[in-house]
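Values reported hereafter were calculated over all heavy atoms of this structure, with side chains retained and with hydrogens, waters and symmetry mates removed.
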Amino acid sequence: MACNGLHPRVGIFALITDEQGHILIGRRLSALGKGGHLEQGEDFATCVERETLEETGLRTRAGKVVGLTNDRFPELDKHYVTVFLRCERSDPQKQPQRLEPTKCEGWAWKSWAEIQAMAERQNGVQELFLPVENLVRENPRLLEAIQSE
């Protein structure tokens, strides 16, 4: 089968927790969210560490893959497979910085319950990046997997 030139891209997303088990979430200014794209020849760990540093200023150590989502953005004619990796901050005291002000409104630590409520759009508004919504809906017990690593 010939390729028509349109194919899914690979997105990478870091799942970073703090000492209380809260997860770092960015509020995007566009439909596409925190995380980045896997570059040619790059492995998942290198990519997620690079993207996290570029977007937050945090140095991290990538752990294992904890989820995958199949994300379609029909309004943008885009399709992604997003790979979620558990990451630890190299310096647990360092906080994220807003390094891409044209893309990100800011960073916040959210509890799993808050993230689940956001994924369900309980207030009627899409607050999470679509791949995160998909990850939460498809993996309601994900927090246990992240914390057991």
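- Among all heavy-atom pairs drawn from Glu100 and Glu54, the shortest one is CG-O, 4.4 Å.
- Salt bridge Arg137/Glu120: absent, no basic N to carboxylate O contact under 4.0 Å.
- Side chain of Glu49 to main chain of Ala62: a donor-acceptor pair is present (N/O by atom type, distance under 3.5 Å, no hydrogens or angles).
- Remark: the backbone N or O of Leu58 is paired with a side-chain donor or acceptor of Thr56 at under 3.5 angstrom.
- Taking both residues in full, the closest heavy atoms of Glu138 and Leu68 are given as OE1-O, 4.1 Å, listed atom of the first, atom of the second, then distance.
- Residues Leu128 and Ala119 come closest through the heavy atom pair CD1-N, 3.6 Å.
- Residue Leu38 is not grouped with residue Val81 when hydrophobic side chains (ILVMFWY) are merged at heavy-atom distances under 4.5 angstrom, including chains of intermediate members.
- No side-chain donor-acceptor contact under 3.5 Å links Glu42 to the backbone of Phe44.
- Here CD of Gln93 is found 10.0 Å from CG of Asp18. Values are rounded to the nearest 0.5 Å.
- Atom CG of Asn123 sits in a crowded spot, with more than 12 heavy atoms from other residues, nucleotides or ligands closer than 6.0 Å.
- The closest side-chain heavy-atom distance from Ile23 to Trp112 is below 4.5 Å.
- Side-chain atoms of Glu114 come within 3.5 Å of backbone N or O of Ser111 as a donor-acceptor pair.
- Side-chain atoms of Asn139 do not come within 3.5 Å of backbone N or O of Arg141 as any donor-acceptor pair.
- Side-chain contact between Phe84 and Ile12: absent, with no pair of heavy atoms (C-beta onward) separated by less than 4.5 Å.
- Across all non-hydrogen atoms, the minimal contact from Thr69 to Leu135 is CG2-N, 3.5 Å.
- When side chains are defined from C-beta on, Leu99 does not count as touching Glu55, because their heavy atoms never get closer than 4.5 Å.
- Contact of the Lys94 side chain with the Arg89 side chain is not registered, since no non-hydrogen atoms from C-beta on lie closer than 4.5 Å.
- Note that CZ of Arg59 is 12.0 Å distant from CZ of Arg61, once rounded to the nearest 0.5 Å.
- None of Leu24, Ile16, Thr17, Val66 except one satisfies the side chain to side chain contact (heavy atoms under 4.5 Å, CB included) rule with Cys87; the exception is Ile16.
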Please report the C-alpha distance between Arg121 and Glu127 in whole Å, then the side-chain angles of each, then the deciding distance to 0.1 Å, and finally whether the salt bridge (charged side-chain N to carboxylate O under 4.0 Å, His left out) criterion is met. CA-CA 7 Å; Arg121 299 186 187 189; Glu127 297 181 81; over 6 Å; no
What do the steps show when you test Gln126 against Glu133 for side-chain contact (heavy atoms from CB on, under 4.5 Å), and what is the final call? CA-CA 9 Å; Gln126 181 180 356; Glu133 278 190 359; 3.4 Å; yes
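- Rounding to the nearest 0.5 angstrom, the gap separating the NE2 atom in His37 from the CD atom in Glu51 is 8.0 Å.
- A donor-acceptor pair is defined here as one N or O able to donate and one able to accept, closer than 3.5 Å; such a pair exists between the side chain of Trp107 and the backbone of Gln97.
- Between the side chain of Arg98 and the backbone N or O of Cys104 there is at least one donor-acceptor pair closer than 3.5 Å.
- Across all their heavy atoms, His22 and Trp109 have their closest contact at O-CE3, 3.5 Å.
- Under the 4.5 Å side-chain heavy-atom criterion for Ile, Leu, Val, Met, Phe, Trp and Tyr, Leu76 and Phe129 are members of the same hydrophobic cluster.
- With contacts defined as side-chain heavy-atom distances shorter than 4.5 Å, the pair Thr60/Leu53 does not qualify.
- Taking every heavy atom of both residues into account, Ala14 and Thr52 meet most closely at CB-OG1, 3.4 Å.
- No side-chain heavy atom of His7 sits less than 4.5 Å from a side-chain heavy atom of His79.
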Using the side-chain contact (heavy atoms from CB on, under 4.5 Å) rule, take Glu39 and Arg50 through it: C-alpha gap first, then chi angles, then the decisive distance, then the call. CA-CA 11 Å; Glu39 301 295 337; Arg50 174 183 55 77; 3.5 Å; yes
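- The only option from Asp71, Thr82, Asn70 that meets the side chain to side chain donor-acceptor pair (under 3.5 Å) definition with Asn134 turns out to be Asp71.
- Ring orientation note: the planes of Phe73 and Tyr80 are nearly perpendicular, at an angle over 60° on the 30°/60° scale.
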